[in-house]
Amino acid sequence: MLRSLVGSEMCIRDRYKEYRALTVNHAIEQMYQEMAGRHRARFSSIHVIKAVEVAAGDCLRANTKQYLSANVKFPLPHRVQRAAKKAHRKGVKASRPNTCV
């Protein structure tokens with residue numbers, strides 16, 4: 001959990017965000033990268049107020065809660081189908097490239 005102040009040209013905003021990271025330093029690094037990418041906030045305009053490791057039961061955000069269970073599964077979107085027998089595999093035979101997908 002990170003609590004930070006972000007200053008812009010108009011005002012100063014207080015924000016709270018939960019990050020999944022192995023260390024507190026890595027979570028702060030993720031916050032700086034996200035603020036620079038999404039909000040164009042400069043390093044000098046971000047002030048970290050508090051950085052705390054939060055227990056799984058104390059998480060507030062639904063985006064963080066979905067990864068807390070022990071049996072979380074991630075889809076494998078690009079599975080390459082292979083032939084069951086070695087005799088049916090093409091090996092290194094050339095094939096024409098498919099350019100229009």
Side-chain angles (χ1 to χ4, degrees):
M1 182 270 301
L2 290 175
R3 176 164 240 115
S4 61
L5 284 175
V6 180
S8 66
E9 294 175 1
M10 301 292 205
C11 63
I12 295 175
R13 294 200 173 105
D14 186 19
R15 57 186 302 273
Y16 167 84
K17 182 91 187 245
E18 294 170 354
Y19 290 93
R20 286 177 41 89
L22 295 177
T23 62
V24 175
N25 287 339
H26 190 252
I28 292 173
E29 182 181 327
Q30 284 180 349
M31 187 218 28
Y32 279 127
Q33 292 297 325
E34 180 189 2
M35 293 301 294
R38 287 189 183 181
H39 307 289
R40 300 289 189 251
R42 303 288 184 259
F43 179 83
S44 59
S45 65
I46 301 171
H47 305 285
V48 178
I49 297 172
K50 188 176 176 184
V52 179
E53 187 175 334
V54 179
D58 297 335
C59 289
L60 301 175
R61 308 285 192 224
N63 191 26
T64 309
K65 285 183 180 181
Q66 68 182 347
Y67 298 110
L68 294 178
S69 65
N71 57 356
V72 64
K73 293 181 181 177
F74 296 97
L76 300 172
H78 185 69
R79 298 295 297 257
V80 178
Q81 297 293 329
R82 294 188 54 147
K85 289 184 170 183
K86 189 171 177 75
H88 297 303
R89 294 185 193 146
K90 287 195 303 186
V92 293
K93 180 181 170 187
S95 62
R96 188 172 203 155
N98 186 6
T99 57
C100 57
V101 178

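Taking both residues in full, the closest heavy atoms of A51 and I28 are given as CB-CD1, 4.1 Å, listed atom of the first, atom of the second, then distance. In terms of heavy atoms, A27 sits closest to A21 at N-CB, 3.6 Å. Of all heavy-atom pairs between T64 and L68, the closest is O-CG, 3.6 Å. Between K65 and C59, the shortest heavy-atom distance links the atoms CE-O, 3.0 Å.
Annotation: salt bridge (charged side-chain N to carboxylate O under 4.0 Å, His left out) contacts involving residues 25-37, sequence neighbours excluded, comprise K17-E34, E34-R38.
In this pair, Y32 and F43 present their aromatic rings tilted. The plane angle is within the 30 to 60° band.
Two different hydrophobic clusters hold Y19 and Y67 under the rule that ILVMFWY side chains link at heavy-atom gaps under 4.5 Å.
Annotation: R42, atom CZ; neighbour count of heavy atoms from other residues, nucleotides and ligands within 6.0 Å does not exceed 12. The local environment of CG in L22 is sparse, with at most 12 non-hydrogen atoms from other residues, nucleotides or ligands closer than 6.0 Å.
Separating the CZ atom in R15 from the CD1 atom in I46 is a distance of 8.0 Å, to the nearest 0.5 Å.
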Begin from the C-alpha positions of I49 and D14 and carry the test side-chain contact (heavy atoms from CB on, under 4.5 Å) through to its verdict. CA-CA 9 Å; I49 297 172; D14 186 19; 4.2 Å; yes

